[in-house]
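Numbers here simply count residues along the sequence, with the first being 1.
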Amino acid sequence: MNVTDIQTALVTDTRNRIAIIAGLAVLTLGGNLLAMVLGAPESLLPLPTLPLTIPIIIASYWYPRRGIPVSVCFASVYAVTTYILSPPGPLLAYTILLRAILLVLIGGVVAFLATKLRESEQQMNQIIEFLPDATFAIDREGKVIAWNRAIEEMTGVKKEAILGRGGYEYAVPFYGEPRPLLADLILHGDPETGYPSVRRDGDVLVAEIHTPLLRGGQGAHIKFAATALLDRSGEVTGAIESIRDVSDEVMTEAALQNAGRQLSTLTGILRTDLANRLAVLYGHLSVGVMKFDDPAVLSFIDDLNNAANGIRRQIEISREFRDIGTSPPAWIPVQQAVRKAAATLSFGNVSLDAWTERLEIFADPHLATVFTHLFENSLAPATKASRIVVTYHLRPEGCAIIVEDDGTGIPDAEKKGLFAQKAESYGHGLFLAHEILAITGISIRETGTFGTGARFEILVPPEGYRVV
């Protein structure tokens, strides 16, 4: 259907509407006049609020701007003919005037409501029209009732060619054949049929596919999202669906994954090479300790050994950093992370009590590594701790997960740089714990008192925790 056909159809529809209104007007006015000619008493004549309101209501609804003028014309014709043909009476003019005014009021009210309805429809159409995502809507019969500018650009199908069309024709630009889209599945179908990757997010169905038909035949990764259109009573009247081209995001993600794998491979090679050369260095230092007995030489060898230990610690921390951030954050049960961390350590005579059973936080999957390093800090022989407790407190600013022990604690002078990136922090792993938590906006601080034990507070923002 081209533009000329559409214009012709609109002209034909307008003529048909005018003919219907004129026919109804002649029929109702003629019936009213015929009744008076036949001698029906004026009090028994059909009330204008019944038959004569039909053409007024239809005219005012179809043509709101002309609703009041049409009502005035109808009312005038009714008033004049009724006054001329009716028998004289003391209240005749008054009665006819009231009925004429009622006709005008009915036309005005209908015209006002129709105008507001069209304004609402126009606003909704404008909202859909200027949405950045390609969007269309269908009614319960599967006919297109909205087709915005973005979907015109994506598919090359103009609004004029698709509005009012059904039979799944709106799927042809994506699949090459008529078939249900998510909007149809919202209305009629099983959401699993034909969409193996479909998922439900509340009242919205979401699916992703690759279609070779878009982007000039180069293909595109498309994300569909559809939901139902409801009337005021909650009944489904149609469905709306948005389509987003996520090809650039998919390609970028694939490129980043490839780059990550290559960097991981490269760092693994470098780490292995450094470890091998470091083993050779340790061997030479061991030989030097056995071969020389000069205190100055031994002191120099000891300095070299400390430097080698620092390199070894950096290699170990880089190995732990290798996989951090490569997996997306998720909701993780804190109690499960605590148990996973405890399973990798030997507690000896130190007890562990954790009361975080219902708490979940949105964090990097390596959350257990955080607790591992915190527990290692408490289990160090120098702390002399006999008990470790893990609890949580809900606060206005979020949730605080508390990890504390009854050991010697941490001196105030060391707290400032406790989570800084420096060699002495690597042994405790606190820098690594800080970086894992920072991925999802979680902070950590030490609030214990030296001499009574260490106390670490993991501060989770309000949107980052839930109690289930």
Any residue meeting salt bridge (charged side-chain N to carboxylate O under 4.0 Å, His left out) with K116, in chain and number order, not counting sequence neighbours: E119

Qualifying residues under salt bridge (charged side-chain N to carboxylate O under 4.0 Å, His left out), relative to D353, sequence neighbours excluded: R387

Salt bridge (Lys or Arg N to Asp or Glu O under 4.0 Å) between K223 and E241, worked out: CA-CA 10 Å; K223 181 177 181 179; E241 181 166 349; over 6 Å; no

SB check E160 R165 (cutoff 4.0 Å): no

Basic-acidic side-chain contact under 4.0 Å: E457, R395: yes

How about [atom1] on [X], more than 12 heavy atoms from neighbouring residues, nucleotides or ligands closer than 6.0 Å, or not?
| X | atom1 | answer |
| --- | --- | --- |
| F112 | CZ | no |
| K340 | NZ | no |
| R65 | CZ | no |

Shortest non-hydrogen contact from [X] toward [Y]:
| X | Y | result |
| --- | --- | --- |
| R445 | F419 | CA-CE1, 3.9 Å |
| I68 | G108 | CG1-CA, 3.8 Å |
| A137 | L229 | CB-CD1, 4.2 Å |

Name of the residue among L437, I458, V370 meeting side-chain contact (heavy atoms from CB on, under 4.5 Å) with I401: I458

Sole candidate of T155, L163, I243 that passes side-chain contact (heavy atoms from CB on, under 4.5 Å) when paired with F136: I243

Inter- and intrachain pairs under ring pair (Phe, Tyr, Trp, His ring centres under 6.0 Å), touching residues 230-252, at least two apart: none

When you measure from the side chain of [X] to the backbone N and O of [Y], does any donor-acceptor pair fall under 3.5 Å?
| X | Y | result |
| --- | --- | --- |
| Q335 | T356 | yes |
| D405 | A454 | yes |
| E235 | L230 | no |

Roughly how far, to the nearest 0.5 Å, is the [atom2] atom of [Y] from the [atom1] atom of [X]?
| X | Y | atom1 | atom2 | result |
| --- | --- | --- | --- | --- |
| Y465 | I361 | OH | CD1 | 12.0 Å |
| L394 | L359 | CG | CG | 7.5 Å |
| L213 | E177 | CG | CD | 10.0 Å |

Residues in side-chain hydrogen bond (donor to acceptor under 3.5 Å, both in side chains) contact with D248, at least two apart in sequence or another chain: R215

Taking only distance into account, with no hydrogens and no angle test, what donor-acceptor pairs under 3.5 Å do side-chain atoms of residues 143-150 form with protein atoms, sequence neighbours excluded?
from, atom 1, to, atom 2, distance (Å)
W147, NE1, V157, O, 3.0
N148, OD1, T135, N, 3.0
N148, OD1, A150, N, 3.4
N148, OD1, I151, N, 3.0
N148, ND2, I128, O, 2.9
N148, ND2, D133, O, 3.1

Ring pair (Phe, Tyr, Trp, His ring centres under 6.0 Å) partners for F174, two or more places apart: F224

